[in-house]
Amino acid sequence: ILDDPDLKDIDPTVLKHCHAAAATCILEAGKQKADMSAISTCLEDCKLDKERIELFCTEYQKNKDALEILLGSIGRSPLHITDVSWRLEYQIKNNQLHKTYQPSYLVTLNVENSDSGSHPDVSFSCTMEQLQDLVGKLKDAAKSLERATQM
């Protein structure tokens, strides 16, 4: 949007605020399953002219089904880790048959979402240092949560 030549004379900060406002309006309309009269009334309250309101409503109507599918796939609550498993992987040689001797950990997080049940597991590979860093951050988070609940 910032590279559009038609918008080059508009302050980038104002343009970003307008983009955020339009995105919020579209998402809220999709979330509320608002009809065209509700959207029109809201935009009239925001002092938009009839031509822009009609253009907005036309474009919204064209993309409404795709928006509802997208919003439905997001869910309402974050994933919850139910279990974790790991295994040590030891790479002896690389593709060029050079010896590497690099250990790494394959970690799998079993997750679920309270809205829609289970999800595919989240898997990643990391070095020992990265795994130690992750464990340290998780311990810090647990301590912070413990302190917050004691207040």
Side-chain angles (χ1 to χ4, degrees), residues 1-87 89 91 94-95 102 104-151:
I1 291 176
L2 295 174
D3 297 333
D4 190 328
D6 294 334
L7 304 173
K8 67 179 179 185
D9 296 331
I10 300 173
D11 179 20
T13 305
V14 171
L15 199 55
K16 286 180 184 179
H17 285 287
C18 291
H19 185 267
T24 301
C25 180
I26 293 166
L27 289 174
E28 283 300 315
K31 196 164 70 171
Q32 304 296 328
K33 296 186 184 278
D35 60 1
M36 292 302 105
S37 64
I39 295 171
S40 295
T41 303
C42 179
L43 295 176
E44 286 170 4
D45 291 345
C46 294
K47 309 289 189 234
L48 264 69
D49 60 54
K50 292 279 186 199
E51 183 181 317
R52 288 189 181 178
I53 292 173
E54 288 177 17
L55 179 63
F56 182 91
C57 288
T58 303
E59 290 300 314
Y60 176 80
Q61 196 63 38
K62 282 184 201 174
N63 297 293
K64 182 179 180 182
D65 293 336
L67 176 65
E68 288 178 359
I69 291 169
L70 179 64
L71 288 174
S73 70
I74 294 172
R76 294 180 186 258
S77 61
L79 297 176
H80 177 74
I81 297 173
T82 57
D83 195 16
V84 63
S85 59
W86 61 273
R87 67 184 171 114
E89 178 182 65
Q91 184 177 357
N94 61 15
N95 290 344
Q102 293 178 339
S104 65
Y105 292 91
L106 296 175
V107 180
T108 301
L109 304 175
N110 301 91
V111 295
E112 68 178 25
N113 187 317
S114 61
D115 289 346
S116 59
S118 64
H119 279 270
D121 296 340
V122 176
S123 298
F124 58 92
S125 177
C126 59
T127 64
M128 184 179 355
E129 293 81 18
Q130 291 170 325
L131 187 58
Q132 287 172 337
D133 184 46
L134 175 63
V135 169
K137 288 179 180 178
L138 289 172
K139 285 180 181 178
D140 290 345
K143 286 179 187 175
S144 294
L145 185 59
E146 196 174 301
R147 281 192 298 267
T149 56
Q150 290 175 354
M151 293 181 158

Nearest-0.5 Å distance that lies between atom CD in Gln32 and atom CG in Leu27: 11.5 Å
Pairwise distance CG(Asp11) to NE2(His17) - rounded to 0.5 angstrom: 8.5 Å
Heavy atoms of other groups near Ile81 CD1, more than 12 under 6.0 Å: no
Distance in Å, Lys33 NZ paired with Leu67 CG, rounded so as to fall on 0.5 Å steps: 9.5 Å
Val107 vs Val122, side chain to side chain contact (heavy atoms under 4.5 Å, CB included): CA-CA, chis, key distance, verdict: CA-CA 8 Å; Val107 180; Val122 176; over 6 Å; no
Least distance between heavy atoms, Val111 atom then Asp121 atom: N-OD1, 4.2 Å
Salt bridge Glu146-Lys143, side-chain N to carboxylate O under 4.0 Å: no
Closest heavy-atom pair and its distance - Thr108, Ser123: OG1-OG, 3.3 Å
Would you give me the side-chain donor-acceptor pairs under 3.5 Å for residues 45-55, sequence neighbours excluded?
from  : atom 1 : to    : atom 2 : distance (Å)
Asp49 : OD1    : Glu51 : N      : 3.3
Asp49 : OD1    : Arg52 : N      : 2.9
Lys50 : NZ     : Glu44 : OE2    : 2.8

Exercise: identify the closest heavy-atom pair between Lys64 and Ala34: NZ-O, 4.0 Å
Reported OG1-to-CE distance for the pair Thr58 and Met36, which is rounded to 0.5 angstrom: 8.5 Å
Criterion side chain to side chain contact (heavy atoms under 4.5 Å, CB included) on Phe124 and Leu134, from CA distance to verdict: CA-CA 12 Å; Phe124 58 92; Leu134 175 63; 3.9 Å; yes
Nearest-0.5 Å distance that lies between atom CG in Asp65 and atom CG in Leu70: 12.5 Å
Whether Tyr60 side chain and Gly30 backbone form a donor-acceptor pair below 3.5 Å: yes
CZ-OG distance between Arg87 and Ser104, expressed to the nearest 0.5 angstrom: 9.0 Å
